[in-house]
Every structure is written in structure tokens, then in C-alpha cells.
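Heads up, the thing below is written out as C-alpha cells.
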Protein chains: 2
Amino acid sequence: MSQDAPPPAPARRRDSAATRAAILSAARETFTQRGYDAAGLREIAHAAEVDTRLISRYFGSKEGLFAEVVDLAYEKSMMMTPEHNAQAARTLLTGGHEAPGATGADAAPAEGLLLTLRSASNPRAAAIMRESIERNYQQRLADALPGTDTEGRAALLIAICAGVLLNRHLLGHTALDGPDTERLIPYLHAALDAVAKMPEQQGDR
Amino acid sequence: MSQDAPPPAPARRRDSAATRAAILSAARETFTQRGYDAAGLREIAHAAEVDTRLISRYFGSKEGLFAEVVDLAYEKSMMMTPEHNAQAARTLLTGGHEAPGATGADAAPAEGLLLTLRSASNPRAAAIMRESIERNYQQRLADALPGTDTEGRAALLIAICAGVLLNRHLLGHTALDGPDTERLIPYLHAALDAVAKMPEQQGDR
DNA sequence: ATCGTAAGTCCACACTCGTGGACATGCAAG
DNA sequence: CTTGCATGTCCACGAGTGTGGACTTACGAT
């Protein structure tokens with residue numbers, strides 16, 4: 001009890017850095033769960049236990065806040081190399097339901113991609129995400145690919161992952177969420193390899 | 001000129017069937033271009049040159065209208081068999097910019113999938129689309145697949161196609177829309193084959 | 001020619017959205 | 001202690017949304 005904060009305030013009172021961080025965290029979660037359009041500033045502010053008007057103060061506008069959230073998501077998102085295609089296929093098809101609050105490097109690529117999928121319908125949000133993906137993620141993935149056309153193939157890999165997550169989590173396809181989903185892992189693995197590896201390496205395990 | 005309609009009215013005046021069709025057509029286009037949430041009933045009504053209130057009269061609600069549009073889109077959407085993977089890969093990566101008004105069987109699967117992608121962020125719309133896809137499209141595709149786990153693999157194929165279209169048309173990934181996009185066709189083709197064909201058929205062309 | 005009914009039209013409600021400006025407050029420097 | 005400025009708070013606006021109810025019109029059958 002002697003550890004109580006000296007001021008009688010129950011929480012932080014005047015800490016702009018902490019406030020910014022709280023807004024950012026709440027925004028990441030809300031945007032990921034509901035998408036850019038459906039997520040309201042009032043809802044984000046309520047989740048962050050912060051006055052609504054402070055968001056506009058710190059981030060300028062809803063777009064500004066979103067851009068910062070997207071950048072953060074893809075900066076920290078998991079790296080995917082051709083060697084990890086097997087694990088990626090498994091994670092995409094079976095994971096994703098646990099650890100919804102995982103932040104940072106622990107977060108699966110699903111975090112950023114889910115955010116992208118749910119906000120892609122808004123053209124402004126789509127432009128922001130495209131820019132961030134190409135700058136933060138696609139470039140690193142392309143550098144890890146062998147052979148030629150690495151940029152395009154990296155984009156193709158991202159597209160395949162996004163498509164699976166879309167059908168599984170947004171549409172909720174029963175065929176991708178049932179107990180038989182594990183049997184699809186080899187197929188998805190082969191599809192990823194077909195894009196990530198060169199033809200002569202296809203058979204490698 | 002002698003073929004003019006007998007009544008001096010510039011357009012149809014009292015034709016419930018034609019009005020319904022006009023609303024449906026305008027709704028399909030508007031929903032596809034802007035997504036479920038962004039498309040307003042007033043906007044659809046204006047495009048169909050119809051009073052807004054008529055939509056609620058004919059279709060009950062926005063959801064009812066959307067459900068009918070989705071069903072129509074997937075009923076008529078193109079069939080995709082394993083033999084057509086090459087053409088599908090080409091169409092997904094290079095086509096889609098022409099014939100935006102194509103209706104019926106001529107419409108690429110892009111039509112229905114674009115509608116799906118832009119509306120997937122809304123949970124209600126997602127549920128409607130999932131139901132329609134599984135009923136109208138996925139089942140036929142699964143029947144055309146060899147081997148086992150045909151339902152799941154059909155869902156996987158749809159997911160891959162959706163992902164490519166998402167990155168290309170919604171996000172506007174430059175790597176998937178540039179002049180080098182044609183070089184990616186073999187890779188996408190191989191990925192589709194990896195899911196659609198059995199392992200021993202992989203090399204077949 | 002007349003009347004019933006379907007087809008089409010208009011007004012309005014309750015609600016949510018992002019954002020602007022004016023005001024109160026507490027921490028840190030003088 | 002006093003002052004200055006960043007930090008946090010509140011009210012409100014105008015523009016959207018989907019939809020309900022009451023009204024007017026024209027077509028088709030009697």
C-alpha cells in the first residue's frame with residue numbers, strides 16, 4: 001500500500017508519451033478487429049481511456065492515426081523466408097485464434113494482414129497500407145527470395161497468405177476452419193513453395 | 001424510330017419487374033465498386049433512376065438487396081476447373097481492367113470476388129457471402145477436383161484467387177500491376193496446380 | 001366510365017460520424 | 001509563490017446513414 005503513487009490520481013495524469021502509446025495500442029486492436037471505417041474515434045478513445053479529442057490532437061486525423069498503426073504493425077511483423085513455408089502454412093491454417101493481444105515480434109503476420117483485410121475496402125486506407133507494406137515488408141521478403149522477379153513473387157506470397165486469412169477469418173469459411181483443416185497444410189505448403197522457390201528446388205523438403 | 005414505346009413516357013413508368021432488375025443491376029455495380037458499407041441506398045437508387053424508398057419496398061432491407069446481388073453474382077460466375085488454371089492465372093494477373101460492365105457468364109470470377117473483397121469487412125455481409133459462396137460456387141468447384149479433401153482445396157483455391165485480386169485491385173500493389181506482371185503467371189499457375197492437382201500430376205502441362 | 005390496388009413519391013426521425021474552437025487544469029521553470 | 005505552456009475536457013456542428021409512415025398517381029379489371 002505504501003507503493004501507491006504519490007498523487008491521489010488513480011492512473012497517469014500528465015504523460016503524453018504514455019497517452020500516445022495507449023491510444024496507439026487501442027487503435028491497433030480496434031482497427032484490427034473492426035476495420036478502418038467501422039472503428040470510430042470515440043470507440044478507440046474509450047478503449048484507451050482517453051478523451052476523444054486527444055486523438056485528433058496527437059495524430060492530426062483518423063488517417064494519421066491509422067498510418068502510424070499500420071507502420072508499426074508491418075515494422076514488427078514476422079519475417080517469412082522460403083525455409084519457413086511449412087510453418088507459415090500451418091500457422092495460416094490452424095493458428096490465429098490464440099494470443100489476440102500479442103504485440104511486437106511475437107505477433108504473427110496475421111496481425112498486420114488482418115488489419116489490412118478489414119480496412120482494404122476504404123481507398124484511402126488501402127493506399128496507406130500499400131505504401132507501408134511495400135516499404136516495410138515486401139522489400140525484406142523480396143531480398144530473401146532466390147531467383148528473379150523477387151518483388152513480384154514476394155507480392156504474390158503476401159497475396160496468397162492474405163487470401164487464406166480472408167476466407168478463414170473474415171468470411172469464416174467452414175471448410176477452412178473445421179477439424180480437417182490440417183489436411184490442407186501440405187497443399188498450401190506446396191503452393192507457397194511454388195512461388196518462393198525456384199522450379200529445380202520444388203521437391204526439396 | 002417506329003419502335004418507340006407507345007406511351008409518351010421517356011422510360012418505363014409502371015413495370016415492377018423492370019424496376020427490380022434496374023435496382024439489382026445498379027446495386028451489383030455499386031456494391032462491387034464501393035463495398036457494402038460505403039454503398040448507400042440513395043446512391044444505388046440514383047444510379048438506377050429510382051426512388052430510394054422503392055428499394056426497401058422491393059427488397060425489404062439493405063441486407064436483403066445485398067443477399068440477392070451476391071447470389072446472382074456467384075450463380076453466374078465463371079467455372080474454374082484444374083484444366084483452366086493457366087488461363088485463370090493469366091486472367092487474375094493481367095485481366096480485370098476491361099469490360100467492367102460485363103454481366104452473366106461472360107463476367108470473370110473477378111466480378112463476384114471483387115464484390116466479396118470490398119464487403120468482407122462487414123460481418124453481416126461476410127456471413128451472407130460465405131453462405132452464397134459455399135452453396136453456389138465452392139461445391140461445384142469441389143466436384144471438379146480430383147483426389148481427396150476436395151472441399152477444403154476448393155476453398156484454398158478461392159482463397160488464393162481472392163488474395164491476388166485483393167493485392168492487385170484493392171491495395172493496388174505496384175508489383176502486381178506493372179509491366180512485369182506477366183512474368184509472374186507461371187508462378188501463380190504452379191501454385192494453383194499445387195492445390196488443384198494431385199502430387200503425381202504436378203508436372204503436367 | 002369507375003374503382004381497387006399496385007407502383008411510385010416525399011418528409012422526417014433517430015442515430016453516428018470526424019472534427020473545430022473555447023475552456024479548465026497541472027506540471028515545471030522563473 | 002507565481003507564471004507559462006503543454007495536457008486534458010467539453011459542447012456542438014453539419015453531413016451522413018437506413019428506414020418508417022402517409023400520400024399521390026396510374027394501370028387493369030369490372
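Below, chain A is the first sequence line, B the second, and so on; all start at residue 1.
Straight-line distance from the CG atom of A:Asp15 to the P atom of D:dT7: 9 Å, rounded to whole Å. Taking atom CG on A:Asp51 and atom C1' on C:dG26, their separation rounds to 16 Å, with Å as the unit. Distance A:Ile55 CD1 to D:dT7 P: 16 Å, rounded to the nearest Å. Nucleotide C:dT19 holds its P atom 6 Å from the CG atom of A:Leu41, rounded to whole Å. A:Asn122 places its CG atom 15 Å from the P atom of C:dC17, with the value rounded to the nearest Å. The CZ-P distance, from A:Arg20 to D:dA6, rounds to 16 Å in whole Å. One atom, CG of B:Asp37, and another, P of C:dT16, lie 16 Å apart when rounded to the nearest Å.
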- Kindly determine whether B:Tyr58 and B:Ser16 satisfy side-chain hydrogen bond (donor to acceptor under 3.5 Å, both in side chains), including the steps that lead there. CA-CA 9 Å; B:Tyr58 278 116; B:Ser16 67; 4.5 Å; no

- Query: Between A:Glu83 and A:Thr81, is a side-chain hydrogen bond (donor to acceptor under 3.5 Å, both in side chains) present by the stated rule, with each step listed?
  - Reply: CA-CA 5 Å; A:Glu83 294 79 23; A:Thr81 62; 3.1 Å; yes

- Decide side-chain hydrogen bond (donor to acceptor under 3.5 Å, both in side chains) for A:Asp193 and A:His189; before the verdict, give the C-alpha distance in whole Å, the side-chain angles of both, and the deciding distance to 0.1 Å. CA-CA 6 Å; A:Asp193 275 356; A:His189 182 186; 3.2 Å; yes

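Taking the side chain of A:Arg42 as heavy atoms from C-beta on, and the options C:dA7, C:dG18, C:dG8, the nearest nucleotide is C:dG18. The side chain of A:Leu54 lies closest to D:dT9, out of D:dT9, C:dG8, C:dG18. Checking D:dG18, C:dG8, C:dA22 against every side-chain atom of B:Arg57, the shortest atom distance belongs to C:dG8. Counting only heavy atoms from C-beta on, B:Ser56 has its side chain closest to D:dT19 among D:dT19, C:dA7, C:dT19. When distances run from any side-chain atom of B:Arg53 to the nucleotides D:dG8, D:dT17, D:dG21, the shortest one goes to D:dG21.
Considering only side-chain N and O atoms, B:Thr52 lies nowhere under 4.0 angstrom from the phosphate OP1 or OP2 of D:dG18.
Around CZ of A:Arg135, the count of heavy atoms belonging to other residues, nucleotides or ligands within 6.0 Å exceeds 12.
Within the nucleic acid shown, A:Ala39 comes within 4.0 Å of sugar-phosphate atoms alone, with no base atom in reach, counting heavy atoms only.
Scanning for salt bridge (charged side-chain N to carboxylate O under 4.0 Å, His left out) contacts around B:Glu43 gives B:Arg34, with sequence neighbours left out.
In this pair, B:Phe31 and B:Phe66 present their aromatic rings perpendicular. The plane angle is above 60°, beyond the 30 to 60° band.
Only A:Ser61, A:Lys62, listed by number, bring a heavy atom of residues 58-67 of chain A to less than 4.0 angstrom from any atom of DNA chain C.
Between the side chains of A:Tyr36 and B:Ser121, no donor-acceptor pair of N or O atoms lies under 3.5 Å.
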